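Step one of this worksheet: look at the structure below.
Counting starts at 1 for both ligands and their atoms, in listed order. Just so you know, these numbers use all the heavy atoms, side chains as well, and skip hydrogens, waters and symmetry mates. Fair warning: this is a prediction, and the values are worked out from it, not measured in the lab.
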Amino acid sequence: MRPLAYTLTYFIIIIAGFTAAAQSSSLITSADELPIRGFCIAAPRSSEVDTFVKFIREELASRKVNTLILRVDYNYQYDSHPELRDSMPLSKNEVKKLVTVCKANNIRIIPQINLLGHQSWASTVHNLLRVYPQFDETPHVKMPEKYVWPNADGLYCKSYCPLHPEVHKVVFDLVDEICDVFEADAFHAGIDEVFYIGDDKCPRCGGHDKAELLANELRLIRDHLRQKERTLWIWGDRLLDGKTTGLGMWEASLNNTHRAIDMIPKDIMICDWHYERPDKTAVYFAMKGFKVVTCPWRNPGVAVIQAEDMMRFRRDATPALKENFQGMVQTEWSSAGSFMDGFYTKKKDSNGGDNTSWNTFRALYQRLKEMNAIK
Ligand SMILES: [Zn+2]
């Protein structure tokens, strides 16, 4: 007979083994791949295209990234509106290099132009409102020489007026052209952090319900894209109630736009960004009938929890809801060049730590692989 202590130890080991298995299986149960494994970054500058092609081939493809959101804005040689081009914008040939490498590696490109909000940054007005100042929602707000936040005007970024009769003709030309050249079946319109909407002083928008203004703008963009069977993607923050959730004015809305969530078509794809905490708002979007991806930035610990949450949401959902939990998109807010520099040199954050977007990208994709979310 075995001594009692031996037997007990044996059972404890078995129990410990079961517990460990149960814990890990609560994370790693995916029989199917996460539908969207994404990466979002500014489109490279013209001089960075070849390095970025190499990055796509070696770093995105090897991690089975299948969705690349490229923030293009005015960094393209638009034929429809040459007056809106940045200086040194991407040529058609350079875009086709990106399209080719992505096609070869089964990566879907989704180009982004910021519509509605983000028409300025700090004290710089971006191309649309610089060339067409009549589209400005708040022309009475003058750009400061030296930008500080907070400020008396509540100026974060300028918006275009969604009720201006000529604005959509211009921006839809850009949307169509950028989708055509990238051969895209989806377009990302930004729509994050829109603080100026329905301004009291706007002769068209003043007094309107801000949620209705947002919803109508989203429907207009969505309907335009649907004509060519394209899908609209947006950041989700304007659809979350910043007061009730405590999420505040940046990653949720304190300007009464959140009720738009019940006024817009359900086929709009939601990119739900939370950078400091793994907020569970993906469940809210999914239960409202939207497909949603969760988007981390520069905190690897938060990103790993968000990835585990996404897997649990899919595992525990009803079949009706499961496919609304579409996946994860790593976001990067600097230029493609500085991301690649940080990534290849393993640069530390400003405190000498590892809270960087490149480190988060590595950690997120490592965790997804461990959980069998990527085959
Ligand atoms: Zn207006």
Side-chain angles (χ1 to χ4, degrees), residues 73-74 78 80-81 83-84 112-144 147 149-176 178 187-226 232-243 249-265 268:
D73 290 310
Y74 305 99
Y78 290 102
S80 58
H81 291 277
E83 75 281 11
L84 291 174
Q112 178 184 322
I113 301 171
N114 276 314
L115 300 186
L116 194 57
H118 275 274
Q119 302 302 327
S120 70
W121 182 256
S123 50
T124 305
V125 177
H126 292 328
N127 303 15
L128 181 72
L129 296 190
R130 202 185 63 237
V131 178
Y132 298 99
Q134 66 271 33
F135 296 161
D136 191 343
E137 174 69 7
T138 55
H140 57 281
V141 174
K142 301 301 172 202
M143 298 306 286
Y147 178 85
W149 178 268
N151 56 69
D153 292 320
L155 170 65
Y156 175 54
C157 299
K158 289 240 177 196
S159 303
Y160 68 62
C161 171
L163 297 187
H164 192 287
E166 286 152 26
V167 69
H168 294 105
K169 169 76 181 82
V170 175
V171 297
F172 287 168
D173 283 347
L174 302 181
V175 169
D176 290 347
I178 210 66
F187 168 79
H188 200 304
I191 314 288
D192 55 321
E193 301 167 332
V194 180
F195 294 174
Y196 284 166
I197 183 169
D199 191 87
D200 287 342
K201 293 197 173 102
C202 175
R204 295 166 294 270
C205 301
H208 278 272
D209 180 329
K210 294 180 184 187
E212 280 184 16
L213 282 170
L214 177 67
N216 289 343
E217 178 65 7
L218 289 174
R219 182 180 293 276
L220 199 65
I221 302 167
R222 177 264 183 199
D223 288 353
H224 179 80
L225 290 165
R226 288 311 300 165
L232 172 60
W233 289 42
I234 60 169
W235 303 112
D237 53 87
R238 290 308 93 190
L239 303 176
L240 297 172
D241 176 350
K243 178 83 173 170
M249 67 188 292
W250 302 93
E251 60 198 292
S253 168
L254 287 184
N255 57 344
N256 296 312
T257 59
H258 57 278
R259 288 178 297 102
I261 198 169
D262 292 318
M263 306 174 189
I264 58 175
I268 297 175

Original post:
Are any side-chain N or O atoms of E137 and backbone N or O atoms of D199, one a donor and one an acceptor, separated by less than 3.5 Å?
Top reply: yes

Near the Zn ion (ligand 1) (protein N/O/S, cut-off 2.8 Å, waters excluded) we have E137 OE1, C161 SG, C202 SG, C205 SG

Heavy-atom closest pair (N127 atom, L84 atom, distance to 0.1 Å) is ND2-O, 2.8 Å

Please tabulate, for the side chains in residues 234-242, all donor-acceptor contacts under 3.5 angstrom to protein atoms that are two or more places apart in sequence or on a different chain.
from	atom 1	to	atom 2	distance (Å)
D237	OD1	E193	N	2.8
D237	OD2	W273	NE1	2.6
R238	NH1	N255	OD1	3.3
R238	NH2	M249	O	3.0
R238	NH2	W250	O	3.1
R238	NH2	A252	O	2.9
D241	OD1	K243	N	3.0
D241	OD1	T244	N	3.1
D241	OD2	T244	OG1	2.6

Contacts of E217 meeting side chain to side chain donor-acceptor pair (under 3.5 Å) (sequence neighbours excluded), chain-then-number -> Y160, H168

Across all chains, not counting sequence neighbours, the salt bridge (charged side-chain N to carboxylate O under 4.0 Å, His left out) partners of R259 are D209

- prompt: Backbone N or O of L155 within a donor-acceptor pair of the Y147 side chain at under 3.5 Å?
  reply: yes

